[in-house]
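Working notes, structure below.
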Amino acid sequence: MKKQNFLFLFSLLAGVLVFFPPSLQSQLVIGQYEDEAPFRTWNSFGIQTAPVMAMGEIQFTIASDSSTSLSNPALLFYLPKVTFTINASVSSTSFFKYSFVNTGVLTTERNAMHRYTAFDFAGVSYRVKNWAFALSWAQIEDYDRPVVQKEYIWRGYTYRILGLIQKGSLKNVNFSISRKIAKFLSLGVGFNFVYGLLERDVSDEWVMDNVTITNNMSHEFSGYYFNGGMCLSLTERLDITAVFRTPYVKNSKSKSLHRYYAPDGQTDIRIEADSRSKYNQPLVFGVGAGYRISGKLRMATEFTFFRWSEYSGQYFEEPLQRNFRDVVKMGLGVEYVDSFKLWNREFEIPFRGGFVLDPQPMKDPRSNYYYLTLGTGLHTERFLLDTSMMIGEESGSGYSLKASRAALSLSYRF
Amino acid sequence: MHVNKGVILLLAVSILVVHLEANNYPDVEILSVVKSREYVEKLLEMGVDFLMERNNRVYFLCSASSLFRLREKDIPYVIETPYFYPYGQNNVFLQGGVNGDYHSYLELEKDLTALEESYPGLARIFILGESLEKRKIYALKISDNVSLDEDEAEVALLGCHHAREWISVEVPYLLGKYLLENYRTDASIRKVVNESEIWIVPMINPDGLEYSIHVFRYWRKNRRDNMDGSYGVDLNRNYGYNWGLDDSGSSPSTFSNVYRGTSAFSEPETQAVRSLFVQKDFQAVISYHSFSQVILYPWGFTEEPAPTDAQLEMLAAEMSRLMEAVRGNVYEYGRAGESLYLTNGDTTDWTYGVFGIPSFTIELPPVDIYHGGFFNAEEEIGAVFKENLPAVLYLLDWSIENYNPGPERHRRQEADGRRQETDGRRQ
């Protein structure tokens, strides 16, 4: 391919991805209005940086950058000697049911869309002899919801204001170590500490009566787990991988305040709770295969099992009632890398595409997201700039649910 | 560090109770009277041990054998002993959770089970049915020989038709607890329990209550998905007497807070209540709600008086008087249709219209939105229960005294006839 064509194609794709991140109307599935439901999907495992997301979220079969330490640390050995990576993303999802929206209190004609931008990954990896190490930080879950500010007006007077704000995220600090056991086999294991915060504020203000009813809820999360994996090179072209994430308890210091404030009656009633919650996050197990078709073209597929049937927990010390099933998420990706010279420097441009099947764990209704992914980048010997996007549509709920994400990552290696 | 004096006093009293129990002084009671110079002087003459002042009441110790002296001196008192639990022992005010001291569904399930296990001969749990979200609707039967269906007056106490009315769970539950805990020590309670069968259904709308606790505090209805974007049926508009008579006493609109459902008894929660009433021969019923501090009796669907209006008024007036005597809270009383607003398909119109029994809706405190609306402070739970206790004990006594069962067969035949009438009326 000619140099000018490369540049044109790259510029077009990168421009679309960076300046026009997808913002599609969509919603979470019915039954997913619970507070702890992560944004976009329940199936959270590691973090998908731009090159990972572009290839159908292939994250533990091909070593793209140090984010692999959160899913398959064994692949750290296949990275350059030293790498630094940062990633930012824009996620867009619209919700149909969440909190009191479309569950009885407030009915919307359309889905409520919410978008959030996050600096969501920073990591470094280092390889020496047969060992490799990585230290990384990632935002692995987000709990934001579309803000509600509904004014009820009668004859020009606002008599009631109903509001909802929910924000939160879960962060992950990972330290991983990898060792090449044999020429064809490497193993890796990681320790992860998670922490985060979820806050939800509901307010119901009756303006004319000067009565305000509020509920403020907060959860301060913490927990830890291990992850690990292996990479087996069966031939020079074919790699087989397997990964796991241990089940873990996402503990929470939880606080709640129900308050009724009516100054005209000198009434200020507070019902407070200061308790503990916990969410027993499921075992994750995955297998994948990567095949190098030629020096420029490779493809990979992954299957990730989430044992959601074991999901349980306690919410303010009461058993959490969920009705979940096990699911297997599937990803398929392909990458074509070509190169050109400019100003006597060698440049590489990867073109990536993929497909993701992401079933959600609720038993009723059964719901699956189907994503198409796309991405490109510009790589020099030391610097890598990657960008990608994914758009998805759901079937099962009857609402044609959609979700999307765009990501941009920057790596330095030597 | 600021420490609430009341807490210290409560702790001290609790420790004292432990001490008394440990030393086997079963005849010592903790009593309270309204704080007044006259009463205090009389108590001083009696030489009682004063404990504390709280909420305009004076608390003191008095031997059971000296109670007659209080009556002689014409001092109205309340026995408070059951509310002072031995130090270190779990008590009803330690529920915890998002809803504080109020019961969630699981907490109630646990506590009802504990009562049944603690008082096997007196308490028994029955499952009347399941809610839409498959939560059980429990009834607690209290009587001597509880496993038998004896020829005794039956009284029903219902709570939590409306999800946001958390206090309406607590009052009937605490009444059951009070009867059981005082059965051995209080002869008057023993008499009531021995001579009647008390059916307590404290949580008719568990799905709605859970939604109110976890999602939106002011949710009222059950959790029916009306398939048009709206949720919920007002269970207290879903009963079968004059159901859907007009659109002012209930609403055909699914989005309305008083949506009556697609037909009478369309909801499993009201079906559960119906199943109890058609099997039993209740003498009286109280359905607890909040708020506004009133006692309502039929009719709700019209402003016209019910056939036994005088009797209903007499009972309501006496209950109101007894409630006021506790701490001065006035419960107004009157016909439902006149007092608040017209309703149709509500519980007490059905129980009165179909079964002909005295039926009361008690709207618990507060009196208005400026004093809490559907909120009651946690420390008010016990107080609200206490002021309702004499009223319900009075109704129980009245039901026992006026119990005239007739031949069992005849009663059942009548019930069958009434059931058919219920099913056929304005469905």
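All values reported here derive from a predicted model rather than from experimental measurement.
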Winner by heavy-atom pair count (cut-off under 4.5 Å) against chain B, out of A:Lys255, A:Glu317, A:His258: A:His258
Greater than 12 external heavy atoms within 6.0 Å of A:Arg307's CZ: no
B:Tyr218 atom OH, neighbour heavy-atom count above 12 within 6.0 Å: yes
Pick from A:Val211, A:Ile213, A:Leu164, A:Asn210 with the largest number of heavy-atom pairs that fall under 4.5 Å of chain B: A:Ile213
Pick from A:Val202, A:Thr107, A:Asp209 with the largest number of heavy-atom pairs that fall under 4.5 Å of chain B: A:Asp209
Distance in Å, B:Asp101 CG paired with A:Glu272 CD, rounded so as to fall on 0.5 Å steps: 11.5 Å
Atom group of A:Leu106 that falls short of 4.5 Å from chain B, counting heavy atoms: neither
Most contacts with chain A, counted as non-hydrogen pairs under 4.5 angstrom, among B:Ala377, B:Ser230, B:Gly232, B:Gly372: B:Gly372
Gap between atom CG of B:Asp368 and atom OG1 of A:Thr267 - 0.5 Å precision: 8.0 Å
Heavy-atom check, side chain of A:Asp35 versus side chain of B:His214, under 4.5 Å: no
Heavy-atom closest contact (A:Ile271 atom, B:Asn376 atom, distance): CD1-O, 4.1 Å
Main-chain N/O of A:Thr103 paired with B:Tyr211 side-chain donor or acceptor, under 3.5 Å: yes
Crowding at OH, A:Tyr195 (>12 non-hydrogen neighbours, <6.0 Å): yes
Part of A:Asp204 within contact of chain B (heavy atom distance under 4.5 Å): side chain
Name of the residue among B:Trp219, B:Phe216, B:Tyr231 meeting ring-ring contact (aromatic ring centres under 6.0 Å, His included) with A:Phe100: B:Phe216
Contact origin within B:Asn226 toward chain A - heavy atom pairs under 4.5 Å: neither
Selection from A:Arg270, A:Met217, A:Arg259 maximising heavy-atom pairs under 4.5 Å formed with chain B: A:Arg259
Side chain to side chain contact (heavy atoms under 4.5 Å, CB included) assessment of A:Tyr315 paired with B:Val98: CA-CA 9 Å; A:Tyr315 187 75; B:Val98 178; 4.1 Å; yes
Euclidean distance, B:Lys134 NZ relative to A:Asn323 CG, rounded to 0.5 Å: 12.5 Å
Side-chain donor or acceptor of B:Arg217 paired with backbone N/O of A:Tyr260 under 3.5 Å: no
Residue A:Met208 excluded, over 12 heavy atoms near CE under 6.0 Å: yes
Heavy-atom contact with chain A under 4.5 Å, split by part of B:Phe375: both
